[in-house]
Amino acid sequence: MPMFQPSKKDGFVKFEGSVLDLDTAVKDGVLGGVGGCGGVIGEKMDLKKMIEELNLPEIPSVFICPISLEPMQDPVTLCTGQTYEKSNILKWFSLGHYTCPTTMQELWDDTVTPNKTLHHLIHTWFSQKHVQMKKRSEDAFGRASEFLTTLKNVKGQARIQTLKELKQVVAKHSTARKAVVDEGGVALLSSLLGPVTSYAVGSEVIAILVNLTLSSESKTTLMQPAKVSSIVDILNEGSVETKVNCVHLIETLMEEKDFRIEIVSSHSLLVALMRLVRDKRHLNGHLPGLGLLKLISTYKQVRSLIVSIGAIPQLVEIIPFMNQECVELALFVLDVLSSVPEGRQALKDCSNAIPVMVKLLMRISESCTEYALSILWSVCKLYPVECSLKAVDAGLAAKLLLVIQSGCSPVLKQRAAELLKLCSLNYSDTIFISKCKLTRTIQ
(Lines give C-alpha, C1' and ligand atoms only; values in the text may rest on other atoms or scores of the structure.)
Protein backbone atom coordinates (compact mmCIF):
# COMPACT_ATOMS: atom_id res chain seq x y z
CA MET A 1 0.00 0.00 0.00
CA PRO A 2 1.29 3.50 -0.79
CA MET A 3 2.44 5.78 2.02
CA PHE A 4 -0.20 8.41 2.73
CA GLN A 5 0.39 11.66 4.54
CA PRO A 6 -3.04 13.04 5.44
CA SER A 7 -3.63 16.61 6.51
CA LYS A 8 -6.74 17.34 8.53
CA LYS A 9 -8.03 20.79 9.30
CA ASP A 10 -11.41 21.94 10.56
CA GLY A 11 -13.12 18.65 9.77
CA PHE A 12 -11.73 18.37 6.23
CA VAL A 13 -9.38 15.79 4.81
CA LYS A 14 -7.23 16.01 1.69
CA PHE A 15 -7.92 13.00 -0.54
CA GLU A 16 -6.61 12.34 -4.04
CA GLY A 17 -6.12 15.94 -5.00
CA SER A 18 -9.35 17.33 -3.52
CA VAL A 19 -10.72 18.33 -0.14
CA LEU A 20 -13.60 16.31 1.29
CA ASP A 21 -15.88 17.22 4.18
CA LEU A 22 -15.92 13.93 6.08
CA ASP A 23 -19.49 14.39 7.29
CA THR A 24 -20.69 15.04 3.74
CA ALA A 25 -18.66 12.09 2.47
CA VAL A 26 -20.32 9.80 5.00
CA LYS A 27 -23.77 11.12 4.18
CA ASP A 28 -23.40 10.94 0.39
CA GLY A 29 -21.30 7.78 0.22
CA VAL A 30 -18.58 9.52 -1.84
CA LEU A 31 -15.84 7.06 -0.93
CA GLY A 32 -18.11 4.05 -1.02
CA GLY A 33 -18.92 4.47 -4.69
CA VAL A 34 -22.48 3.21 -4.10
CA GLY A 35 -25.21 5.81 -4.22
CA GLY A 36 -27.64 5.81 -1.36
CA CYS A 37 -25.60 3.44 0.81
CA GLY A 38 -23.69 5.96 2.79
CA GLY A 39 -25.46 5.57 6.10
CA VAL A 40 -25.32 2.79 8.64
CA ILE A 41 -26.20 -0.50 6.93
CA GLY A 42 -28.28 -2.91 8.99
CA GLU A 43 -26.72 -4.10 12.19
CA LYS A 44 -23.34 -2.69 13.10
CA MET A 45 -20.64 -5.06 11.91
CA ASP A 46 -17.32 -5.48 13.68
CA LEU A 47 -14.81 -3.40 11.72
CA LYS A 48 -11.87 -5.71 12.33
CA LYS A 49 -13.87 -8.72 11.15
CA MET A 50 -15.01 -6.91 8.00
CA ILE A 51 -11.44 -5.88 7.13
CA GLU A 52 -10.20 -9.45 7.55
CA GLU A 53 -13.05 -11.03 5.58
CA LEU A 54 -12.85 -8.56 2.70
CA ASN A 55 -9.04 -8.53 2.40
CA LEU A 56 -9.33 -5.87 -0.29
CA PRO A 57 -6.29 -5.13 -2.51
CA GLU A 58 -7.22 -1.45 -2.89
CA ILE A 59 -8.36 0.77 -0.04
CA PRO A 60 -8.66 4.59 -0.03
CA SER A 61 -5.34 5.89 1.19
CA VAL A 62 -7.04 8.21 3.68
CA PHE A 63 -8.01 5.07 5.64
CA ILE A 64 -4.43 3.82 5.87
CA CYS A 65 -2.25 4.31 8.93
CA PRO A 66 1.08 5.84 7.78
CA ILE A 67 2.94 3.68 10.32
CA SER A 68 1.62 0.20 9.59
CA LEU A 69 0.19 0.87 6.11
CA GLU A 70 -2.90 -1.08 7.22
CA PRO A 71 -6.51 0.16 7.48
CA MET A 72 -7.18 2.08 10.70
CA GLN A 73 -9.74 0.68 13.13
CA ASP A 74 -9.30 3.26 15.89
CA PRO A 75 -7.94 6.43 14.23
CA VAL A 76 -6.58 9.19 16.48
CA THR A 77 -5.24 12.60 15.55
CA LEU A 78 -2.13 14.33 16.95
CA CYS A 79 -1.66 18.02 17.60
CA THR A 80 0.09 18.23 14.19
CA GLY A 81 -3.14 17.23 12.44
CA GLN A 82 -1.83 13.83 11.35
CA THR A 83 -3.97 10.77 11.97
CA TYR A 84 -2.74 7.29 12.97
CA GLU A 85 -4.02 4.00 14.28
CA LYS A 86 -4.13 4.43 18.06
CA SER A 87 -2.15 1.30 18.95
CA ASN A 88 0.57 2.19 16.44
CA ILE A 89 1.13 5.75 17.61
CA LEU A 90 1.12 4.70 21.27
CA LYS A 91 3.77 2.11 20.47
CA TRP A 92 5.76 4.87 18.72
CA PHE A 93 5.60 6.93 21.91
CA SER A 94 6.57 3.95 24.07
CA LEU A 95 9.79 3.62 22.08
CA GLY A 96 10.80 7.09 23.24
CA HIS A 97 9.79 9.04 20.14
CA TYR A 98 8.06 12.35 20.84
CA THR A 99 7.72 13.41 17.22
CA CYS A 100 5.07 13.07 14.53
CA PRO A 101 6.14 10.02 12.44
CA THR A 102 4.96 11.62 9.19
CA THR A 103 6.28 15.17 9.56
CA MET A 104 8.97 14.46 12.19
CA GLN A 105 7.82 17.61 14.02
CA GLU A 106 8.40 17.70 17.75
CA LEU A 107 5.10 17.38 19.59
CA TRP A 108 4.11 20.22 21.89
CA ASP A 109 1.22 18.10 23.14
CA ASP A 110 1.19 14.28 23.30
CA THR A 111 -2.60 14.05 23.54
CA VAL A 112 -4.24 11.72 21.00
CA THR A 113 -7.77 12.69 20.01
CA PRO A 114 -10.18 10.05 18.66
CA ASN A 115 -11.12 10.90 15.09
CA LYS A 116 -14.76 9.81 15.28
CA THR A 117 -15.71 11.22 11.90
CA LEU A 118 -12.98 9.28 10.09
CA HIS A 119 -13.79 6.16 12.09
CA HIS A 120 -17.43 6.46 11.00
CA LEU A 121 -16.37 6.99 7.40
CA ILE A 122 -14.09 3.92 7.48
CA HIS A 123 -16.78 1.77 9.07
CA THR A 124 -19.38 2.93 6.52
CA TRP A 125 -17.11 2.25 3.55
CA PHE A 126 -16.20 -1.26 4.73
CA SER A 127 -19.85 -1.94 5.59
CA GLN A 128 -20.85 -1.11 2.02
CA LYS A 129 -18.18 -3.40 0.63
CA HIS A 130 -19.17 -6.17 3.03
CA VAL A 131 -22.82 -5.97 2.00
CA GLN A 132 -21.79 -6.12 -1.66
CA MET A 133 -19.62 -9.15 -0.97
CA LYS A 134 -22.43 -10.96 0.82
CA LYS A 135 -24.82 -10.21 -2.03
CA ARG A 136 -22.33 -11.52 -4.61
CA SER A 137 -21.81 -14.63 -2.48
CA GLU A 138 -25.53 -15.27 -2.23
CA ASP A 139 -25.89 -14.75 -5.97
CA ALA A 140 -22.99 -17.13 -6.62
CA PHE A 141 -24.57 -19.84 -4.46
CA GLY A 142 -27.83 -19.52 -6.36
CA ARG A 143 -26.17 -19.52 -9.76
CA ALA A 144 -24.14 -22.62 -8.92
CA SER A 145 -27.32 -24.40 -7.83
CA GLU A 146 -29.03 -23.44 -11.09
CA PHE A 147 -26.11 -24.70 -13.16
CA LEU A 148 -26.21 -28.06 -11.37
CA THR A 149 -29.94 -28.37 -12.11
CA THR A 150 -29.33 -27.49 -15.75
CA LEU A 151 -26.53 -30.07 -16.07
CA LYS A 152 -28.99 -32.84 -15.26
CA ASN A 153 -31.14 -31.96 -18.25
CA VAL A 154 -28.80 -30.92 -21.07
CA LYS A 155 -26.37 -32.62 -23.40
CA GLY A 156 -23.96 -31.72 -26.16
CA GLN A 157 -22.90 -28.11 -26.58
CA ALA A 158 -25.38 -26.91 -23.96
CA ARG A 159 -23.73 -29.16 -21.37
CA ILE A 160 -20.28 -27.84 -22.27
CA GLN A 161 -21.45 -24.23 -21.99
CA THR A 162 -23.08 -24.88 -18.61
CA LEU A 163 -19.87 -26.49 -17.34
CA LYS A 164 -17.85 -23.48 -18.51
CA GLU A 165 -20.13 -21.10 -16.64
CA LEU A 166 -20.08 -23.27 -13.53
CA LYS A 167 -16.28 -23.39 -13.70
CA GLN A 168 -16.08 -19.60 -13.74
CA VAL A 169 -18.37 -19.07 -10.76
CA VAL A 170 -16.70 -21.87 -8.77
CA ALA A 171 -13.24 -20.39 -9.39
CA LYS A 172 -14.31 -16.98 -8.06
CA HIS A 173 -16.65 -17.69 -5.15
CA SER A 174 -16.26 -19.95 -2.12
CA THR A 175 -20.05 -19.99 -1.71
CA ALA A 176 -20.39 -21.47 -5.19
CA ARG A 177 -17.91 -24.19 -4.28
CA LYS A 178 -19.94 -24.88 -1.14
CA ALA A 179 -23.13 -25.10 -3.20
CA VAL A 180 -21.61 -27.70 -5.52
CA VAL A 181 -20.42 -29.83 -2.59
CA ASP A 182 -23.58 -29.46 -0.47
CA GLU A 183 -26.03 -30.13 -3.29
CA GLY A 184 -24.48 -33.31 -4.63
CA GLY A 185 -22.62 -31.62 -7.44
CA VAL A 186 -19.47 -33.70 -7.00
CA ALA A 187 -21.32 -36.94 -7.69
CA LEU A 188 -23.00 -35.36 -10.71
CA LEU A 189 -19.70 -34.11 -12.10
CA SER A 190 -17.96 -37.43 -11.42
CA SER A 191 -20.68 -39.24 -13.36
CA LEU A 192 -19.68 -37.28 -16.45
CA LEU A 193 -16.22 -38.91 -16.44
CA GLY A 194 -16.03 -42.29 -18.13
CA PRO A 195 -15.01 -44.25 -21.22
CA VAL A 196 -17.09 -42.11 -23.62
CA THR A 197 -16.30 -38.72 -22.08
CA SER A 198 -15.27 -36.16 -24.67
CA TYR A 199 -12.27 -33.93 -24.10
CA ALA A 200 -14.49 -30.82 -24.11
CA VAL A 201 -16.64 -32.16 -21.26
CA GLY A 202 -13.85 -33.88 -19.31
CA SER A 203 -11.53 -30.88 -19.25
CA GLU A 204 -14.28 -28.64 -17.80
CA VAL A 205 -15.31 -31.25 -15.23
CA ILE A 206 -11.74 -31.66 -14.02
CA ALA A 207 -11.23 -27.88 -13.87
CA ILE A 208 -14.23 -27.68 -11.52
CA LEU A 209 -13.28 -30.68 -9.38
CA VAL A 210 -9.78 -29.35 -8.60
CA ASN A 211 -11.35 -26.28 -7.02
CA LEU A 212 -13.50 -28.30 -4.63
CA THR A 213 -12.82 -29.90 -1.26
CA LEU A 214 -13.48 -33.55 -2.04
CA SER A 215 -14.77 -35.96 0.58
CA SER A 216 -13.29 -39.42 1.06
CA GLU A 217 -16.36 -40.89 -0.65
CA SER A 218 -15.93 -38.58 -3.64
CA LYS A 219 -12.27 -39.52 -4.01
CA THR A 220 -13.15 -43.21 -3.87
CA THR A 221 -15.66 -42.70 -6.67
CA LEU A 222 -13.09 -40.88 -8.80
CA MET A 223 -10.57 -43.70 -8.24
CA GLN A 224 -12.71 -46.10 -10.24
CA PRO A 225 -10.60 -47.44 -13.16
CA ALA A 226 -12.87 -46.01 -15.86
CA LYS A 227 -12.73 -42.53 -14.35
CA VAL A 228 -8.95 -42.62 -13.80
CA SER A 229 -8.54 -43.78 -17.40
CA SER A 230 -10.63 -40.80 -18.55
CA ILE A 231 -8.46 -38.41 -16.51
CA VAL A 232 -5.29 -39.94 -18.00
CA ASP A 233 -6.68 -39.61 -21.54
CA ILE A 234 -7.38 -35.92 -20.94
CA LEU A 235 -3.90 -35.51 -19.45
CA ASN A 236 -2.46 -36.87 -22.69
CA GLU A 237 -4.35 -34.63 -25.08
CA GLY A 238 -5.27 -31.49 -23.15
CA SER A 239 -3.93 -27.96 -23.09
CA VAL A 240 -1.20 -27.25 -20.55
CA GLU A 241 -3.80 -25.73 -18.18
CA THR A 242 -5.95 -28.86 -18.42
CA LYS A 243 -2.91 -31.09 -17.94
CA VAL A 244 -1.96 -29.22 -14.77
CA ASN A 245 -5.54 -29.62 -13.51
CA CYS A 246 -5.34 -33.38 -14.18
CA VAL A 247 -2.06 -33.55 -12.26
CA HIS A 248 -3.55 -31.74 -9.25
CA LEU A 249 -6.63 -33.99 -9.28
CA ILE A 250 -4.49 -37.14 -9.33
CA GLU A 251 -2.42 -35.75 -6.46
CA THR A 252 -5.63 -35.19 -4.51
CA LEU A 253 -6.67 -38.80 -5.09
CA MET A 254 -3.26 -40.03 -3.93
CA GLU A 255 -3.81 -38.32 -0.58
CA GLU A 256 -6.66 -40.72 0.19
CA LYS A 257 -5.73 -43.45 2.69
CA ASP A 258 -7.37 -46.14 0.54
CA PHE A 259 -5.37 -45.13 -2.51
CA ARG A 260 -3.71 -48.00 -4.37
CA ILE A 261 -0.65 -47.32 -6.50
CA GLU A 262 -2.05 -49.63 -9.19
CA ILE A 263 -4.49 -46.83 -9.97
CA VAL A 264 -1.71 -44.69 -11.44
CA SER A 265 0.73 -47.44 -12.44
CA SER A 266 -0.06 -46.64 -16.02
CA HIS A 267 2.38 -46.45 -18.91
CA SER A 268 0.09 -43.87 -20.51
CA LEU A 269 0.05 -41.69 -17.38
CA LEU A 270 3.83 -41.73 -16.97
CA VAL A 271 4.39 -40.94 -20.65
CA ALA A 272 1.96 -38.01 -20.38
CA LEU A 273 3.79 -36.72 -17.29
CA MET A 274 7.17 -36.85 -19.02
CA ARG A 275 5.68 -35.06 -22.02
CA LEU A 276 4.44 -32.32 -19.70
CA VAL A 277 7.82 -32.06 -17.96
CA ARG A 278 9.72 -31.87 -21.26
CA ASP A 279 7.46 -29.25 -22.87
CA LYS A 280 9.79 -26.29 -23.42
CA ARG A 281 6.99 -24.07 -24.70
CA HIS A 282 4.96 -24.23 -21.48
CA LEU A 283 7.28 -23.96 -18.49
CA ASN A 284 4.37 -23.67 -16.06
CA GLY A 285 3.77 -27.40 -16.46
CA HIS A 286 7.24 -28.46 -15.31
CA LEU A 287 6.79 -28.03 -11.55
CA PRO A 288 3.37 -29.75 -11.25
CA GLY A 289 4.52 -32.59 -13.52
CA LEU A 290 7.70 -33.20 -11.57
CA GLY A 291 5.81 -32.96 -8.29
CA LEU A 292 3.46 -35.78 -9.30
CA LEU A 293 6.33 -37.80 -10.75
CA LYS A 294 8.15 -37.47 -7.42
CA LEU A 295 5.04 -38.62 -5.55
CA ILE A 296 4.59 -41.66 -7.80
CA SER A 297 8.29 -42.57 -7.67
CA THR A 298 8.13 -42.99 -3.88
CA TYR A 299 6.28 -46.26 -4.52
CA LYS A 300 8.92 -48.95 -5.10
CA GLN A 301 6.77 -51.08 -7.38
CA VAL A 302 6.47 -48.29 -9.97
CA ARG A 303 10.14 -47.36 -10.27
CA SER A 304 11.06 -49.95 -12.90
CA LEU A 305 8.10 -48.82 -15.01
CA ILE A 306 9.26 -45.19 -14.78
CA VAL A 307 12.74 -46.26 -15.93
CA SER A 308 11.26 -48.29 -18.80
CA ILE A 309 9.63 -45.22 -20.41
CA GLY A 310 13.04 -43.54 -20.70
CA ALA A 311 12.56 -41.10 -17.84
CA ILE A 312 16.24 -41.06 -16.82
CA PRO A 313 17.83 -39.79 -20.06
CA GLN A 314 14.90 -37.38 -20.54
CA LEU A 315 15.33 -35.86 -17.07
CA VAL A 316 19.11 -35.64 -17.46
CA GLU A 317 18.62 -33.82 -20.76
CA ILE A 318 16.35 -31.09 -19.36
CA ILE A 319 17.95 -30.54 -15.94
CA PRO A 320 20.39 -27.84 -17.23
CA PHE A 321 17.41 -25.72 -18.36
CA MET A 322 15.33 -25.95 -15.15
CA ASN A 323 15.00 -23.60 -12.20
CA GLN A 324 16.23 -24.64 -8.76
CA GLU A 325 12.92 -26.04 -7.50
CA CYS A 326 12.47 -28.19 -10.60
CA VAL A 327 16.09 -29.37 -10.50
CA GLU A 328 15.67 -30.56 -6.91
CA LEU A 329 12.54 -32.51 -7.85
CA ALA A 330 14.19 -34.06 -10.91
CA LEU A 331 17.25 -35.07 -8.87
CA PHE A 332 15.01 -36.59 -6.19
CA VAL A 333 13.36 -38.76 -8.84
CA LEU A 334 16.72 -39.78 -10.35
CA ASP A 335 18.08 -40.61 -6.91
CA VAL A 336 15.05 -42.78 -6.15
CA LEU A 337 15.34 -44.52 -9.53
CA SER A 338 19.02 -45.25 -8.89
CA SER A 339 17.87 -47.55 -6.09
CA VAL A 340 16.69 -50.16 -8.61
CA PRO A 341 19.05 -52.13 -10.91
CA GLU A 342 17.32 -50.87 -14.07
CA GLY A 343 17.78 -47.30 -12.89
CA ARG A 344 21.51 -47.69 -12.24
CA GLN A 345 21.96 -49.33 -15.63
CA ALA A 346 20.07 -46.50 -17.33
CA LEU A 347 22.25 -43.92 -15.55
CA LYS A 348 25.38 -45.76 -16.68
CA ASP A 349 24.12 -45.94 -20.26
CA CYS A 350 23.13 -42.26 -20.38
CA SER A 351 26.23 -40.51 -21.71
CA ASN A 352 25.46 -37.15 -20.03
CA ALA A 353 24.28 -38.45 -16.66
CA ILE A 354 27.63 -38.53 -14.84
CA PRO A 355 28.97 -35.20 -16.23
CA VAL A 356 25.67 -33.46 -15.36
CA MET A 357 25.70 -34.88 -11.81
CA VAL A 358 29.31 -33.79 -11.31
CA LYS A 359 28.50 -30.30 -12.55
CA LEU A 360 25.61 -29.98 -10.10
CA LEU A 361 27.81 -30.64 -7.06
CA MET A 362 28.16 -27.44 -5.00
CA ARG A 363 26.31 -25.48 -7.69
CA ILE A 364 22.66 -24.95 -6.72
CA SER A 365 21.81 -26.05 -3.18
CA GLU A 366 22.88 -28.53 -0.54
CA SER A 367 19.86 -30.69 -1.42
CA CYS A 368 20.97 -30.83 -5.05
CA THR A 369 24.49 -31.72 -3.96
CA GLU A 370 23.12 -34.47 -1.71
CA TYR A 371 21.00 -36.02 -4.47
CA ALA A 372 23.73 -35.75 -7.12
CA LEU A 373 26.29 -37.28 -4.76
CA SER A 374 23.95 -40.15 -3.93
CA ILE A 375 23.37 -40.84 -7.63
CA LEU A 376 27.11 -40.80 -8.37
CA TRP A 377 27.76 -43.12 -5.45
CA SER A 378 25.14 -45.59 -6.71
CA VAL A 379 26.60 -45.92 -10.21
CA CYS A 380 30.30 -45.64 -9.28
CA LYS A 381 29.99 -48.31 -6.59
CA LEU A 382 28.31 -50.69 -9.05
CA TYR A 383 30.64 -49.88 -11.95
CA PRO A 384 33.83 -48.77 -10.15
CA VAL A 385 36.09 -48.77 -13.17
CA GLU A 386 34.02 -47.42 -16.03
CA CYS A 387 31.89 -44.90 -14.13
CA SER A 388 34.56 -43.74 -11.68
CA LEU A 389 36.98 -42.99 -14.50
CA LYS A 390 34.30 -41.05 -16.37
CA ALA A 391 33.36 -39.12 -13.23
CA VAL A 392 36.94 -38.18 -12.38
CA ASP A 393 37.54 -37.04 -15.97
CA ALA A 394 34.48 -34.79 -15.55
CA GLY A 395 36.10 -33.15 -12.50
CA LEU A 396 34.56 -35.21 -9.71
CA ALA A 397 37.66 -35.39 -7.51
CA ALA A 398 38.00 -31.61 -7.27
CA LYS A 399 34.28 -31.23 -6.57
CA LEU A 400 34.43 -33.84 -3.80
CA LEU A 401 37.27 -31.93 -2.15
CA LEU A 402 35.08 -28.82 -2.23
CA VAL A 403 32.26 -30.72 -0.54
CA ILE A 404 34.63 -31.99 2.17
CA GLN A 405 35.99 -28.47 2.79
CA SER A 406 32.54 -26.83 2.74
CA GLY A 407 29.96 -26.21 5.44
CA CYS A 408 27.81 -29.12 4.28
CA SER A 409 26.44 -31.63 6.76
CA PRO A 410 28.83 -34.25 8.27
CA VAL A 411 26.91 -37.04 6.53
CA LEU A 412 27.38 -35.40 3.16
CA LYS A 413 31.08 -34.86 3.82
CA GLN A 414 31.47 -38.52 4.84
CA ARG A 415 29.78 -39.69 1.64
CA ALA A 416 32.06 -37.41 -0.40
CA ALA A 417 35.13 -38.82 1.33
CA GLU A 418 34.00 -42.39 0.66
CA LEU A 419 33.38 -41.66 -3.01
CA LEU A 420 36.74 -39.91 -3.29
CA LYS A 421 38.43 -42.99 -1.84
CA LEU A 422 36.55 -45.27 -4.24
CA CYS A 423 37.62 -43.20 -7.24
CA SER A 424 41.27 -43.12 -6.11
CA LEU A 425 41.55 -46.91 -6.37
CA ASN A 426 41.81 -46.65 -10.15
CA TYR A 427 44.88 -44.35 -10.12
CA SER A 428 48.36 -44.11 -8.74
CA ASP A 429 48.79 -41.47 -6.05
CA THR A 430 50.61 -39.06 -8.37
CA ILE A 431 48.06 -39.27 -11.14
CA PHE A 432 45.09 -39.01 -8.78
CA ILE A 433 46.51 -35.90 -7.11
CA SER A 434 46.83 -34.32 -10.54
CA LYS A 435 43.22 -35.30 -11.28
CA CYS A 436 42.12 -33.51 -8.13
CA LYS A 437 43.41 -30.22 -9.55
CA LEU A 438 44.31 -29.11 -6.05
CA THR A 439 45.76 -25.77 -7.12
CA ARG A 440 42.57 -24.84 -8.95
CA THR A 441 40.40 -26.01 -6.06
CA ILE A 442 42.33 -23.93 -3.49
CA GLN A 443 42.11 -20.88 -5.75
Side-chain angles (χ1 to χ4, degrees), residues 1-95 97 99-105 107 109-140 172-175:
M1 294 179 182
M3 176 70 76
F4 176 72
Q5 299 181 5
S7 58
K8 179 176 180 297
K9 185 177 181 181
D10 299 328
F12 290 84
V13 114
K14 191 171 184 180
F15 175 61
E16 295 186 354
S18 62
V19 177
L20 296 179
D21 180 333
L22 292 183
D23 293 323
T24 302
V26 172
K27 179 180 178 182
D28 297 339
V30 173
L31 292 178
V34 181
C37 296
V40 177
I41 303 176
E43 63 183 67
K44 191 167 176 104
M45 290 286 295
D46 179 68
L47 180 56
K48 180 179 180 181
K49 183 178 179 181
M50 288 192 293
I51 292 173
E52 291 174 350
E53 289 183 1
L54 287 167
N55 191 27
L56 297 172
E58 295 183 5
I59 296 172
S61 52
V62 71
F63 299 163
I64 304 301
C65 173
I67 297 175
S68 65
L69 301 183
E70 296 292 336
M72 290 182 283
Q73 300 174 39
D74 187 10
V76 294
T77 302
L78 301 185
C79 59
T80 59
Q82 305 299 322
T83 302
Y84 303 92
E85 172 65 28
K86 183 177 181 179
S87 60
N88 294 333
I89 194 63
L90 293 181
K91 183 176 180 180
W92 173 263
F93 290 159
S94 71
L95 295 174
H97 303 296
T99 56
C100 175
T102 300
T103 65
M104 295 312 293
Q105 291 177 269
L107 299 177
D109 183 354
D110 62 359
T111 302
V112 294
T113 304
N115 193 327
K116 295 182 180 180
T117 304
L118 181 57
H119 179 272
H120 183 54
L121 182 59
I122 293 172
H123 193 282
T124 301
W125 189 85
F126 276 101
S127 295
Q128 293 171 5
K129 296 296 182 183
H130 196 266
V131 168
Q132 292 170 355
M133 181 193 73
K134 288 180 67 177
K135 186 175 186 303
R136 285 195 299 268
S137 296
E138 291 168 359
D139 291 345
K172 292 180 180 178
H173 301 283
S174 60
T175 51

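Along the sequence shown, the residues carry numbers beginning at 1. FYI, side chains are in, hydrogens and waters are out, and symmetry mates aren't considered; it's all heavy atoms of this structure. On a predicted model such as this, the values are computed, not experimentally measured, just so you know.
- Judged by distance alone, the side chain of W92 and the main-chain N or O of T99 form a donor-acceptor pair under 3.5 Å.
- What you find for P114 and V112 is that their closest heavy atoms are CD-O, 3.8 Å.
- Across every non-hydrogen atom of H119 and Q73, the tightest pair is CD2-O, 2.9 Å.
- For the atom pair I64 CD1 and E70 CD, the distance stands at 7.0 Å (nearest 0.5 Å).
- Going from atom OG of S127 over to atom CD1 of I122 covers 11.5 Å, rounded to the nearest 0.5 Å.
- At a threshold of 4.5 Å between non-hydrogen side-chain atoms, the residues M72 and N88 do not count as touching.
- Atom CD1 of I51 and atom NE2 of H123 lie 9.0 Å apart (nearest 0.5 Å).
- Using a 4.5 Å cut-off on side-chain heavy atoms (C-beta onward), T111 and C79 make no contact.
- Nearest heavy atoms, C65 versus E85: SG-N, 3.4 Å.
- If you check the side chains of Q105 and T103, you find a donor sitting under 3.5 Å from an acceptor.
- Distance check, rounded to the nearest 0.5 Å: OG1 of T117 to NE2 of H120 gives 8.5 Å.
- Relative ring orientation between F63 and W125 is described as perpendicular, the plane-to-plane angle rising above 60° on a 0-90° scale split at 30° and 60°.
- Across every non-hydrogen atom of L78 and P101, the tightest pair is CD1-CD, 4.4 Å.
- For D74, there are no side chain to side chain donor-acceptor pair (under 3.5 Å) partners, not counting sequence neighbours.
- A donor-acceptor pair under 3.5 Å is formed between the side chain of Y84 and the backbone N or O of T102.
- Within the model, atoms CD1 of I89 and OG of S68 stand 11.0 Å from one another, a figure rounded to the nearest 0.5 Å.
- Listed here is the closest heavy atom pair of D110 and F93: O-CE1, 4.0 Å.
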